There are 2 protein chains.
Amino acid sequence: MSDKPYHHGDLRRALVEAGLGILEESGLEALTLRACAARAGVSHAAPRNHFDGLTGLLAAITAEGFRRHEAALRAGIAAAPEAPQLGALRGYVAFAQANPALFKLMFGAKKLHDDPELSEAANGSLAVLAGIAEGLDWPGAGDREAAMAMLWALAHGVADLTVNNSLRACTRPDGTLPGLAEIYPGYKSKKGAPGAPS
Amino acid sequence: MSDKPYHHGDLRRALVEAGLGILEESGLEALTLRACAARAGVSHAAPRNHFDGLTGLLAAITAEGFRRHEAALRAGIAAAPEAPQLGALRGYVAFAQANPALFKLMFGAKKLHDDPELSEAANGSLAVLAGIAEGLDWPGAGDREAAMAMLWALAHGVADLTVNNSLRACTRPDGTLPGLAEIYPGYKSKKGAPGAPS
DNA sequence: CGCAGCATGTTTCCACCGTAAACATATGGA
DNA sequence: TCCATATGTTTACGGTGGAAACATGCTGCG
């Protein structure tokens, strides 16, 4: 019932892609139920057959965002095998900079529908960070949760402040952020701490 | 012209306070131009005489938020004279937890009116962090901007993820966040690095 | 003193939004 | 064949921000 379209041809997926396109082209403020429906070529009431109102559609878009977010984390880790934590941080920030509107939606203020698809996607990104933190031997950070919290918070803080242009005062003329490369002075990666579990 | 009210009695301030009250009581989604006007006892078109539409009102509310944010930073610093950076971080997070809706507005996705009052208030908080970073001798963080960016990003990341309940998986049963106290393993505070300049 | 001008606030209207219900249409199985 | 149901449309409603016309009261100048 979800991959065998009747009238339109997988309208559910079309609506999510329409939302992602609107986010890229026009930003978060333009992300409207009616706009998504129009871009998908259907009436504004059609989405109700596939999502629980606007919040349901936003939850589906956000879930796709977390899947891409997880991919960005893995890409960053793969690009820096000798320092996976730093690579994950770079991937985290790169994703936010490449998809600012989507990032704002994912971590924005709006309360989304409690969707199992969304939970699973978000947990995917979390699992990547958890796997990375496993190999992080931060001086003073005792347990795994502490290391993960510190890593996540640092990455998210840089990403969010960058998206909101709040770190503008700290960025160098070439656009890079000072301290990002030196941000893990005391880490040393243990062997056997690959990309992530799951 | 701004402190000598004609009809209402400082409606501008009343509207900002109404907005802050709505944020506290009902959250960010309830923060509406019409709701603020109603709470201040005027028609929904009255705010237009004092603000440039909704974004102008939100900018004024956000400016007041940054003033309180700066006060929270200073309070956190004063509470930990031996470790001002850690104190500022605690103040940053405490403010976000005490005023989640206001924090979301301040660092949320909505593009606010470019207001000199808002810029000044935001720069006030920034100056506090800059003054703290001056005294931060983080191993590997070369210049002042780097230290400030790291400090700010870490504080903001913890605060934002806490507000969005995203760090729920990392919080201890008693509600504290692991790693927060041990988060500055290598810092040592220099003498003569007080609360902040300005 | 009195009136003109302007700051302030209200009323009314408009376009857009999300939601809901009634209605239309196409699909697939009995 | 024919009906139950999934899918999509039309229409309507309340709520939002914004704009214009109108009303009200202060303030300063003659």
Side-chain angles (χ1 to χ4, degrees), chain A residues 1-19 22-23 25-62 101 104-105 108-115, chain B residues 1-19 22-23 25-62 101 104-105 108-115:
Chain A
M1 91 175 43
S2 101
D3 50 83
K4 296 279 270 183
Y6 289 69
H7 291 51
H8 175 279
D10 213 350
L11 178 58
R12 181 184 173 96
R13 178 170 304 272
L15 286 169
V16 172
E17 288 179 358
I22 291 172
L23 279 179
E25 297 173 8
S26 311
L28 183 55
E29 300 188 358
L31 184 61
T32 282
L33 190 148
R34 287 167 119 103
C36 291
R39 183 183 255 244
V42 296
S43 74
H44 72 275
R48 212 131 232 287
N49 290 316
H50 300 272
F51 302 99
D52 183 11
L54 172 64
T55 59
L57 174 55
L58 295 184
I61 297 172
T62 303
K104 288 177 191 170
L105 173 64
K110 286 190 178 177
K111 207 173 85 175
L112 299 178
H113 201 68
D114 201 358
D115 192 306
Chain B
M1 92 175 41
S2 96
D3 50 83
K4 296 278 271 185
Y6 290 69
H7 291 49
H8 175 278
D10 212 351
L11 177 59
R12 182 183 171 95
R13 178 168 305 274
L15 285 169
V16 173
E17 287 179 359
I22 290 172
L23 280 177
E25 298 173 7
S26 310
L28 183 55
E29 300 187 357
L31 185 60
T32 284
L33 190 149
R34 286 168 119 101
C36 291
R39 183 183 256 244
V42 296
S43 73
H44 74 276
R48 214 133 229 285
N49 291 315
H50 300 272
F51 303 99
D52 184 11
L54 173 64
T55 59
L57 174 56
L58 295 184
I61 298 173
T62 303
K104 288 177 191 170
L105 173 64
K110 286 191 179 176
K111 205 171 88 176
L112 299 177
H113 200 70
D114 200 358
D115 192 306

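Here the structure is a predicted model, which means the values were calculated and not measured. The basis for the numbers below is simple: all heavy atoms, side chains too, and nothing from hydrogens, waters or symmetry mates. Sequence lines set the chain letters: A, B, ... in the order given, protein chains first and strands last, and positions in each chain run from 1.
Residues A:H44 and A:A37 come closest through the heavy atom pair CA-CB, 3.7 Å.
The distance between atom CZ of A:F51 and atom C1' of C:dT19, rounded to the nearest whole Å, is 17 Å. If you measure from atom NZ of A:K110 to atom P of C:dC17, you get 12 Å, rounded to the nearest angstrom. Rounded to an integer number of Å, the gap from A:L54 CG to C:dC16 P is 18 Å. The CD atom of B:E29 sits 13 Å away from the P atom of D:dT16 (whole-angstrom rounding). One atom, CD1 of A:I22, and another, C1' of C:dC16, lie 15 Å apart when rounded to the nearest Å. Atom pair B:R12:CZ and C:dA7:P shows a separation of 16 Å (rounding to whole Å applied).
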Apply side-chain contact (heavy atoms from CB on, under 4.5 Å) to the pair B:F51 and B:V16, showing each step before the final yes or no.
CA-CA 10 Å; B:F51 303 99; B:V16 173; 3.9 Å; yes
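Between C:dA20 and A:R48, a contact under 4.0 Å exists linking OP1 or OP2 to a side-chain N or O.
Residue contacts for B:T32: at a heavy-atom cut-off of 4.0 Å it reaches the sugar-phosphate backbone alone, with no base atom in range.
DNA chain D is contacted by both A:R34 and A:H50; A:H50 maps to the nucleotide lying nearer its 5′ end (nearest heavy atom per residue). Comparing A:N49 and A:H44 along DNA chain D, the residue whose closest nucleotide (by nearest heavy atom) sits nearer the 5' end is A:N49.
In A:R13, the CZ atom is not crowded: 12 or fewer heavy atoms of neighbouring residues, nucleotides or ligands sit closer than 6.0 Å.
Residue A:L33 has its side chain nearest to C:dT19 when only D:dG17, D:dA20, C:dT19 are considered.
One finds the OG1 atom of B:T62 at 3.5 Å from the CG atom of B:L105 (value rounded to the nearest 0.5 Å).
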